[in-house]
Amino acid sequence: MRVLGIETSCDETSASVLDENFKILGNVVLTQDEIHAPYGGVVPELASRQHITSIIYVVQECLSRAKLKLEDVDAYAVTQGPGLIGSLLVGLSFAKGLAYYFGKPLITVDHIEAHIESVFLENRRIPFPALALVASGGHTSTFFMKKKMDYRLIGRTRDDAAGEALDKISKFLDLGYPGGPVIDELAERGDPRKFVFGLPHMTDGSLDFSFSGLKTAALKLIKELKIAKSHPHFYDFLASFEMAVIRALLANLAQAAENLKPKALILCGGVARNKKLRHHFEEFARKQRLTPAVPSPEFCTDNAAMVAALALEKLKKGMTPSLDLDLNAYPRVSLPCSPSREVR
Ligand code: KG4
Ligand code: ZN
């Protein structure tokens with residue numbers, strides 16, 4: 001059994017083949033960072049055009065690394081949403097074409113659910129119940145999972161996502177796109193205690209996140225103190241802002257853990273690549289005697305291995321793949337009412 005996964009929800013074109021034991025036989029991720037960098041963020045029209053140009057080469061390269069031909073694939077998996085609609089449609093149409101031509105099943109997956117699945121790619125022994133925090137450029141949400149593929153949304157961002165806040169500050173300071181990895185590197189040279197940012201707080205006691213207040217406070221400081229690369233406290237500023245984002249994420253997770261008493265804590269999504277976040281997350285889990293689970297950095301950002309893995313998981317649970325080639329992409333969040341509900 002070999003599943004070919006395809007991911008094109010934002011600005012990464014990715015293909016991956018997994019065997020029935022979740023072993024990755026081939027995995028290719030082509031980023032479009034250079035295309036979007038001059039704009040300081042993803043330009044949807046450019047993203048979908050680039051997916052169209054790249055997808056065939058990415059799939060070919062993935063199959064060649066796996067030493068397979070298209071005929072050797074038993075099922076196709078593709079991200080259906082949420083994401084940029086034009087980008088999603090490229091992957092979905094391509095996967096539909098393959099499924100139709102080869103007469104093989106097509107399994108569509110939810111992008112946020114696939115991010116959570118990325119944790120299980122390398123560690124299949126995560127105890128339940130678990131709390132899963134997905135922090136990326138488009139999403140910041142926490143789910144309570146009583147068991148595998150069972151999600152209860154317990155908090156989500158009301159405005160910006162964590163990665164989006166990092167990207168915007170980077171853009172404002174002219175540091176490049178994506179901002180998360182740049183700030184990750186530069187912040188290492190600074191003192192995270194130099195600038196104090198308040199912890200976002202929901203007055204209604206909910207476990208939702210908010211990053212727009214932090215972003216506005218940071219922008220205000222940048223203007224007032226004229227923070228730029230030449231400023232003596234430039235690195236301290238970045239380290240302090242990065243730490244404010246980390247504190248906001250972990251304070252929320254700590255509250256959720258206290259309320260829901262999970263056995264494991266899952267951290268995934270692009271922001272989970274952040275070195276300091278990974279360190280503080282693991283330290284927090286250890287102190288609470290909870291099992292921490294974070295994917296390797298390469299599986300935190302968008303990739304098709306998590307897409308193929310989730311499809312495989314669904315097939316193993318007995319989900320009948322859809323033969324409906326009328327399937328459409330969806331741009332907005334669907335979890336916890338994701339298609340996976342069918343397989344519980
Ligand atoms: O999961 P992802 O590839 O795409 C979405 O689903 O949104 O996440 C991309 C986000 C971007 O905002 C990027 O700045 C952030 O992940 N990111 C990081 C790091 N690497 C990527 N944020 C902080 N530290 C990093 N090392
Ligand atoms: Zn993502």
Side-chain angles (χ1 to χ4, degrees), residues 5-14 16 29-33 36-37 39-42 44 47 51 78-84 87-88 91 109-119 132-141 156-157 160-173 175-188 192 209 211 214-215 238-239 241-250 266-281 294-307 309-310 331-335:
I6 292 175
E7 155 64 35
T8 62
S9 69
C10 190
D11 61 341
E12 262 93 29
T13 318
S14 177
S16 187
V29 182
L30 185 66
T31 77
Q32 302 178 357
D33 289 352
H36 303 290
Y39 307 94
V42 179
H51 285 307
V78 67
T79 310
Q80 192 176 10
L84 301 172
S87 293
L88 286 164
V109 306
D110 181 278
H111 184 63
I112 300 179
E113 196 178 353
H115 268 303
I116 297 173
E117 183 65 30
S118 68
V119 181
L133 170 59
V134 187
S136 71
H139 319 279
T140 301
S141 309
R156 66 160 64 154
T157 182
D160 291 349
E164 194 179 352
L166 293 164
D167 292 341
K168 283 182 179 166
I169 292 304
S170 169
K171 181 180 178 183
F172 207 75
L173 288 170
L175 302 178
Y177 172 82
V182 179
I183 293 180
D184 192 350
E185 286 307 308
L186 299 179
E188 278 184 37
F209 299 89
F211 290 97
L214 264 183
K215 184 190 66 190
L238 292 180
F241 181 68
E242 177 192 60
M243 192 48 83
V245 172
I246 293 173
R247 280 174 57 224
L249 291 171
L250 295 186
I266 291 171
L267 175 68
C268 55
V271 178
R273 283 185 88 122
N274 184 273
K275 292 191 279 297
K276 227 170 277 159
L277 172 60
R278 295 170 81 90
H279 170 75
H280 287 286
F281 171 80
V294 197
S296 298
E298 62 181 303
F299 298 121
C300 290
T301 30
D302 291 348
N303 66 87
M306 65 188 191
V307 174
L310 180 54
R332 302 208 183 284
V333 174
S334 89
L335 269 181

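Order of listing sets the numbers, starting from 1, for every ligand and every atom in it.
Of all N, O or S atoms in Asp302, the one lying closest to the Zn ion (ligand 2) is OD1.
The shortest N or O to N or O distance between Asp167 and ligand 1 is below 3.5 Å. Looking at His111 next to ligand 1, an N or O pair under 3.5 Å apart turns up. At a 3.5 angstrom cut-off on N or O pairs, Pro178 does not count as close to ligand 1. Checked against a 3.5 angstrom limit, the closest N/O atoms of Gly270 and ligand 1 fall inside it.
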Residues Phe211, Leu166; criterion side-chain contact (heavy atoms from CB on, under 4.5 Å); working and verdict: CA-CA 10 Å; Phe211 290 97; Leu166 293 164; over 6 Å; no
Audit row: Glu185, Lys275, salt bridge (charged side-chain N to carboxylate O under 4.0 Å, His left out) steps and yes/no: CA-CA 9 Å; Glu185 286 307 308; Lys275 292 191 279 297; 2.7 Å; yes
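The NE2 atom of His111, the Zn ion (ligand 2) and the NE2 atom of His115 define an angle of 100° (nearest 10 degrees).
At the shortest separation from atom 2 (P) of ligand 1 among protein heavy atoms lies Asp302 OD1, 3.4 Å.
When each atom of ligand 1 is checked for a heavy atom of Gly163 under 4.0 Å away, the hits are 12 (O). Near His115, the atoms of ligand 1 lying under 4.0 angstrom from a non-hydrogen atom of the residue are 1 (O), 6 (O).
Between Cys300, Ala162, Ser136, it is Ser136 that holds the heavy atom closest to atom 5 (C) of ligand 1. Remark: among candidates Leu277, Asp184, Thr79, the nearest residue to atom 26 (N) of ligand 1 is Asp184, based on non-hydrogen atoms. Taking only non-hydrogen atoms, the option from Gly137, Ala161, Gly138 nearest to atom 10 (C) of ligand 1 is Gly137.
The backbone N or O of Asn303 lies less than 3.5 Å from no partner atom in the side chain of Ser14, so there is not a single donor-acceptor pair. Although no hydrogens or angles enter the test, the distance criterion places no donor-acceptor pair under 3.5 Å between the side chain of Asp302 and the main chain of Asp11.
Residue contacts with ligand 1 include Pro181, since one of its heavy atoms falls under 4.0 Å from the ligand.
Ring geometry for His139 against His111 counts as tilted: the plane angle lies between 30° and 60°, on a 0 to 90° scale.
Only side-chain heavy atoms of Leu166 come within less than 4.0 Å of ligand 1; its backbone N, CA, C and O stay farther off.
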